[in-house]
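What follows is a set of notes on a single structure, which appears directly below.
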Amino acid sequence: MSVLSESSVRSALSRVQDPEIRKPITELGMVKSIDIADDDSVDIAIYLTTAGCPMRTEITDRVTKAVADVPGAGAIRVELDVMSDEQRTELRKSLRGDSAEPVIPFAQPGSLTRVYAVASGKGGVGKSSITVNVAVALASRGLSVGVLDADIYGHSVPRMLGTDAKPTQVERMIMPPVGHDVKMISIAQFTQGNTPVVWRGPMLHRALQQFLADVFWGDLDILLLDLPPGTGDVAISVAQLIPGAEILVVTTPQQAAAEVAERAGAIALQTRQRIVGVVENMSWMDLPDGTRMDIFGSGGGQAVADRLTKAVGAKVPLLGQIPLEQAVREGGDGGLPIVLGHPDSPAATALREVADKLAVRKRGLAGMSLGIDTTRHL
Ligand SMILES: Nc1ncnc2c1ncn2[C@@H]1O[C@H](COP(=O)(O)OP(=O)(O)OP(=O)(O)O)[C@@H](O)[C@H]1O
Ligand SMILES: [Mg+2]
């Protein structure tokens, strides 16, 4: 006797996740119907959230694969339909609650998401490279990770994460594309080609607010914000929008860069944000003959950490030193971060160590409610 039944098919479908929302399609009201014919062929109808859903092939594949594993299943046909407005509203309510106005989940008391804003004084010191590699390293540990490209003018995160997918929209929620298991949102996804974005402070603030409130991030363990260089409008907006965000300062070993990095860190004093630590990038280059070349000098990272420690009156550690390696740049340009592309290289190892420190650190030290235990055991 065949074990094929509607419930066995449904139970197989409960293991299929929507690629964007990352929840089982059975919980999202996406399974329209299941029909089993006399010859054990299975017809499944699936509701997509939007007609232009870029994930239609992916969803069809996932459904087909899952049902093919059900003992006794014959031919499988998947038909796609699109949710009605009412169904989309229901979905939004089930994901988001009933609130009319979008709120920034990371700014709510009791939010368990750790938010790190990656900042530097000077441009080109490697903020984006570090953000992306740390994000991917954290995601490969099984954490749920998001990256918000807050560099509105100089966005680079989507390229570095290897996807030019556009976000889809369900009602007022924006579904972030995913690259190497990291959810990401960037102004690059909302502009045509390489059009430059010319916005003033208030518009930047509004864009950031939307990225934080209107994007469906789901339950993130960690959100990384890739900031533009300097101590400008965006850094202040971040402080206003997510006061609990902590600053990760990036510098090169160069003294001049270090002084500017220190100023970028010192802004945290004014905004009362916590500085989680300093990462020194481009620390040295290992030459083929085994010698080490300090291209940008040495000591900048430690100097920034020491001076910020003094300035804020709390330990600001040097979290890591990342060597200069061609593979870091190639990984960024090619969309395969070095922690995945060359995981055994010295730079990848150093980047992973930084990620480990950010992952295991306890929350609740500065300005946070200590009433709840927010320590994560990894
Ligand atoms: N450790 C490294 N080894 C080799 N190349 C690196 C390293 N870190 C960064 N790069 C390269 O240096 C350039 C600048 O890095 P990145 O874009 O990450 O800096 P940024 O601080 O985000 O710059 P911006 O201020 O423009 O946003 C990129 O081409 C990147 O690939
Ligand atoms: Mg950058």
Side-chain angles (χ1 to χ4, degrees), residues 116-137 147-162 179 182 184-189 194 196-197 204 208 211 224-235 238 247-254 256-258 260-261 263-265 267 278-287 292-298 300-301 304 318-355:
Y116 298 119
V118 183
S120 75
K122 266 166 66 95
V125 297
K127 286 177 302 301
S128 304
S129 307
I130 287 168
T131 303
V132 161
N133 275 287
V134 163
V136 168
V147 172
L148 192 165
D149 187 354
D151 193 345
I152 310 279
Y153 305 122
H155 48 75
S156 52
V157 168
R159 177 171 41 77
M160 288 182 169
L161 279 172
V182 171
M184 82 189 98
I185 208 80
S186 165
I187 198 73
Q189 295 157 341
N194 212 9
V197 181
L204 289 177
L208 203 56
F211 283 172
L224 291 153
L225 309 178
D226 182 19
L227 298 193
T231 51
D233 295 331
V234 173
V238 168
I247 313 291
L248 179 68
V249 179
V250 179
T251 183
T252 64
Q254 210 174 351
V260 191
R263 280 207 291 280
I267 198 176
V278 177
V279 176
E280 185 187 85
N281 189 27
M282 312 189 178
S283 297
W284 56 76
M285 195 160 114
D286 285 320
L287 300 178
R292 186 167 273 192
M293 204 171 151
D294 292 334
I295 295 186
F296 293 112
S298 63
V304 175
L318 177 62
L319 296 174
Q321 292 177 292
I322 323 293
L324 258 175
E325 271 175 39
Q326 193 171 340
V328 174
R329 204 258 315 142
E330 287 169 351
D333 290 348
L336 183 64
I338 188 172
V339 294
L340 295 179
H342 296 272
D344 299 326
S345 68
T349 306
L351 284 159
R352 231 178 0 256
E353 280 169 17
V354 171

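Remember, it's 1-based here, ligands and their atoms both numbered in the order they're listed.
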To the nearest 0.5 Å, what is the distance between CG (Leu340) and CG (Asn133)?
8.0 Å

Is there a side-chain contact between Ser345 and Ile338 (heavy atoms, below 4.5 Å)?
yes

Is the Mg ion (ligand 2) less than 2.8 Å from an N/O/S atom of Ser128, whether that atom is in the backbone or a side chain?
yes

Give yes or no for whether the N/O distance cutoff of 3.5 Å, strictly under, is met between Val125 and ligand 1.
yes

What distance do Thr131 atom OG1 and Met184 atom CE have between them, rounded to the nearest 0.5 Å?
13.0 Å

Nearest 0.5 Å please: distance from the OG1 atom of Thr252 over to the CD1 atom of Ile322.
13.0 Å

Has Gln326 got more than 12 heavy atoms of other residues, nucleotides or ligands less than 6.0 Å from its CD?
no

Sub-4.5 Å side-chain heavy-atom contact between Asp151 and Ser156
no

Could you pull out, from Lys122, Lys127, Arg329, the option with a heavy atom nearest to atom 25 (O) of ligand 1?
Lys127

Would atom 13 (C) of ligand 1 count as contacted, meaning some protein heavy atom under 4.0 Å?
no

Return the residue, atom name and 0.1 Å-rounded distance of the protein heavy atom closest to atom 8 (N) of ligand 1.
Asn281 ND2, 2.9 Å

Per-atom filter on ligand 1: closer than 4.0 angstrom to a heavy atom of Ser129 are 9 (C), 15 (O), 16 (P), 18 (O), 30 (C)

Ligand 1 atoms nearer than 4.0 angstrom to some heavy atom of Pro229 are 25 (O)

Could you tell me if the side chain of Ile130 sits less than 4.5 Å from the side chain of Leu351, heavy atoms only?
yes

Could you check if a side-chain atom of Leu208 sits within less than 4.5 angstrom of a side-chain atom of Leu148, using non-hydrogen atoms only?
yes

Please state which protein non-hydrogen atom is closest to atom 6 (C) of ligand 1 and give its distance, to 0.1 Å?
Val328 CG1, 3.8 Å

Could you tell me the residue and atom name of the protein heavy atom closest to atom 10 (N) of ligand 1, and the distance to it rounded to 0.1 Å?
Met282 CE, 3.8 Å

Would you mind running through ligand 1 and noting each atom that sits below 4.0 Å from a heavy atom of Asp151?
27 (O)

Do Val125 and Thr251 come within less than 4.5 Å of each other through their side chains, counting heavy atoms only?
no

May I ask you to check if ligand 1 and Glu325 share an N or O to N or O distance below 3.5 Å?
yes

Residue, atom name and distance, where the atom is the protein heavy atom closest to atom 26 (O) of ligand 1
Gly124 N, 3.8 Å

For a 4.5 angstrom cut-off between non-hydrogen side-chain atoms, does Pro323 reach Arg292?
no

Gly123 neighbourhood, listing ligand 1 atoms whose heavy-atom distance to it stays under 4.0 Å:
25 (O)

If the contact criterion is a heavy-atom separation under 4.0 Å, does Pro323 count as touching ligand 1?
yes

Identify the closest protein heavy atom to atom 19 (O) of ligand 1: which residue and atom is it, and at what distance?
Gly126 N, 2.9 Å

Would you mind checking which non-hydrogen protein atom is closest to atom 17 (O) of ligand 1, with the distance to 0.1 Å?
Met160 CE, 3.9 Å

